[in-house]
Amino acid sequence: MTGRIYTAPPDTGIPVRGKTLVDVLYEARARYDNPHFLNQPVGPGEWRSLSLHDFADQAEALALGLQALGLVRGDRVALFMESDTWFCLADMACLLAGLVDVPIYLTHAPESIHYVIAHAGARAVVVSNRELLERIAPLLGNLPDVQFVVVAEAVGLEAKQVEGRPLHLFDALIEEGRRLRAAAPETIAHLRAQLRPGDLATIIYTSGTTGQPKGVMLSHENISFNALTSFSGIKHYRPGPDGEVALSFLPLTHIFARTLFYGYLYHATSVYFTTPDALREALLQVRPTTFATVPRVIEKIYSALVERAATMAGLKGRIFRWALALAQRYELGREPRGLYRLQLAIADRLVYRKWRAAFGGRIGFLIAGGAALAAELANVFAAAGIPILQGYGLTESSPVITYNRPELNRAGTVGVPIPGVEVKIAEDGEILTRGPHVMLGYYKDPERTSEVIDEAGWLHTGDIGYFTDEGFLVITDRKKDLFKLSTGKYVMPQPLEQRLSADPLVAQALVVGPGYKFTAALIFPEEEALRKLAKKLGLDVNQPLEVLVREPKIVAAYQQIVDRANAGMDPWEKIKRFLLVPEHLSIEAGTLTPTLKVRRSVLYKKYEAQIRALYEHAESESQEEPSPSTF
């Protein structure tokens, strides 16, 4: 296999090798103490702080407490936990004790949760609280390998055992661990001495868009290299208690948020935990300087700006629309000049500073990952002084492969490689990567491992992309999502889906057409925006959603969205027919992944009849103009 190998450009970070994740903790503690290191939400607008030194103290004690139960090096421990301080403590305690933790998505169906615990052979399950214990308890009767159940918070917990197993509380285990440490202070040093960078740290079961979850085995160095090397590329990152302030709302069960946490830990960054539902209020209360998100959140914020621009009246409305239009002309990588530069400065004083205030007023940069971000969004927010650093990676690559730096950022791309990582494009367009970030393999599945990691060590990502002349990686689609029409033409659905989803009236979109003569789409409306449009059009807004989507005026509005999405696309790629589907997709329903991507296989199966009808009822399969269908 030939092809140019791309590596990090000069002065974009340094590779950091040879560290365990426990080393990350102790090196941070030796340099800093941050009294507000981890901040646990305890009520609306309230957080309880845990200092970096106390975090290390409690993690040590909990590690010894877990060992005292009878857990030994290499045992798997399932974490069914909220993404907060308790998760971080449980994780670090497991790492220090040489235990392999297995995080489980809270949104998984019971069957998936059972599969992960059973497949991993977990001997212990750690849960955050009574509510999560009640959810997982019915599964334990059929999980004989699980011998220990541990609960972080005892609030409202009266039971002393579950399914015949005694319950152990964090407080009691930490107290026991402190007693053991006081009796034998050298124990912690002994635990640290046993750890090696190449040791298995965690097994993360991927929750992809198809198939049974796969257990991705990541070593200490896979993750520590990725976290510390990636952070080294942010030149002006300010460590310590007086430095950056991060807001964390993404699931720590996902490698994206988890690797970020280790980067925050290494720099003793203050981290405030919140939830997606409380994000808006938390931004104003915490006033973070950075946070990580997925593109769908940014798309919703942008949609709100577009909607506001369309509805705001008077002089303020005209100024807002003028400022938004200016931002839409902005292009990352090109310095504004002349009159345009002056106009941006005026717009900043009148409008953009208010946008930044909605983020708390201190945002230095956002980090985006998990899916593709439309170029227009990256440009608009950069124009407003809210730079978005989009990156790319997989669970199997720990996860970062490439990302945009503050000083080296291009819209529509996922940046340049991190130092120490190699990337190249295969003959069929697939992105391959090699380096210390590549997983150890899939747990109990050497055959699948050999399918994705070749003999030369290249990880086959399954994504299609290319490098620009400047060396920035562009993702065009998933290899398995690329489909062929019956005409022989190939269609990449992702660019069309991005264009559709960028509109305020669209929650999600699924482009379909494999085996048919033309491309079609399922469009899932954003209900609140749709009802506002219905009111504006003089329609009855109290109609059920399934009735509203059939209204001719509503269908015409969505046809305009499809027309805009089709603009500039090749003729065979253009959406010829579309269906408005009155359903709210969600992680809980299994129609979205935890990173808010549509589960194609699920939707294809669920709407098989409707998709078939899009083609069977088409007036002419060779028609050039898009036309709607009804649900």
Side-chain angles (χ1 to χ4, degrees), residues 295-311 321 324-325 327-328 371-377 379-380 412 491-513 518-539 541 543 545-585 592 596-598 600 603 607 610-611 614 618 623-631:
R296 189 61 192 139
V297 173
I298 299 171
E299 289 168 1
K300 286 185 175 182
I301 295 170
Y302 180 67
S303 293
L305 291 175
V306 172
E307 184 180 356
R308 189 178 180 192
T311 57
R321 287 187 286 276
L324 180 59
Q328 289 169 335
L373 177 71
E376 181 181 1
L377 275 64
N379 282 326
V380 165
V491 175
M492 289 189 240
Q494 197 174 88
L496 280 164
E497 290 167 353
Q498 284 179 19
R499 291 183 177 195
L500 292 170
S501 298
D503 193 280
L505 287 169
V506 178
Q508 281 91 19
L510 179 72
V511 171
V512 299
F518 60 84
T519 304
L522 303 185
I523 298 175
F524 300 86
E526 185 69 62
E527 184 172 359
E528 184 178 351
L530 175 57
R531 291 193 182 278
K532 287 181 180 178
L533 174 64
K535 183 178 181 180
K536 184 178 178 181
L537 295 173
L539 302 173
V541 298
Q543 296 180 78
L545 185 59
E546 56 267 27
V547 177
L548 264 181
V549 297
R550 293 206 235 16
E551 289 278 1
K553 291 181 179 179
I554 295 294
V555 172
Y558 280 91
Q559 179 139 2
Q560 291 178 4
I561 295 170
V562 172
D563 290 343
R564 290 193 292 270
N566 280 337
M569 304 300 288
D570 287 319
W572 63 88
E573 292 178 300
K574 290 182 178 181
I575 298 166
K576 303 290 195 296
R577 303 206 83 208
F578 66 91
L579 173 69
L580 294 179
V581 185
E583 181 189 348
H584 173 66
L585 304 186
L592 293 180
L596 304 182
K597 290 178 284 194
V598 296
R600 294 181 184 276
L603 294 180
Y607 294 105
Q610 289 88 346
I611 292 171
L614 278 172
Q623 59 187 313
E624 290 301 321
E625 296 302 319
S627 65
S629 182
T630 56
F631 187 77

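One-based numbering along the sequence shown.
- Within the structure, every pair that satisfies the side-chain hydrogen bond (donor to acceptor under 3.5 Å, both in side chains) test and touches residues 492-501, not counting sequence neighbours, is listed here: E497-R600.
- With sequence neighbours left out, V306 forms a side chain to side chain contact (heavy atoms under 4.5 Å, CB included) with Y302, L324, P504.
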Set out, in order, the CA-CA distance, both residues' side-chain angles and the distance that settles side-chain contact (heavy atoms from CB on, under 4.5 Å) for H584 and F524, then state yes or no. CA-CA 7 Å; H584 173 66; F524 300 86; over 6 Å; no

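- Separating the OH atom in Y558 from the CG atom in D503 is a distance of 7.5 Å, to the nearest 0.5 Å.
- In terms of the salt bridge (Lys or Arg N to Asp or Glu O under 4.0 Å) criterion, residue partners of R531 (sequence neighbours excluded) are, by chain and number, E527.
- Checked against side chain to side chain contact (heavy atoms under 4.5 Å, CB included), Q560 has the following partners two or more places apart in sequence or in another chain: R564.
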Checking side-chain contact (heavy atoms from CB on, under 4.5 Å) for the pair L585/L603: CA distance, chi angles, key distance, verdict? CA-CA 10 Å; L585 304 186; L603 294 180; 4.0 Å; yes

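- Residues meeting the side chain to side chain contact (heavy atoms under 4.5 Å, CB included) test with E551, sequence neighbours left out: L539, Q543, L548, I554.
- Residues satisfying the salt bridge (Lys or Arg N to Asp or Glu O under 4.0 Å) test with E376, not counting sequence neighbours, are none.
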One pair to check against side-chain contact (heavy atoms from CB on, under 4.5 Å): V581 and L510. What are the steps and the verdict? CA-CA 11 Å; V581 185; L510 179 72; over 6 Å; no

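- Applying the side chain to side chain contact (heavy atoms under 4.5 Å, CB included) test to A327 and every residue at least two apart in sequence or in another chain returns Y352, V380, A383.
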side-chain contact (heavy atoms from CB on, under 4.5 Å) between L592 and Q508, intermediate numbers included: CA-CA 10 Å; L592 293 180; Q508 281 91 19; 3.8 Å; yes

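- Take E573 and apply the salt bridge (Lys or Arg N to Asp or Glu O under 4.0 Å) test, not counting sequence neighbours, and it matches no residue.
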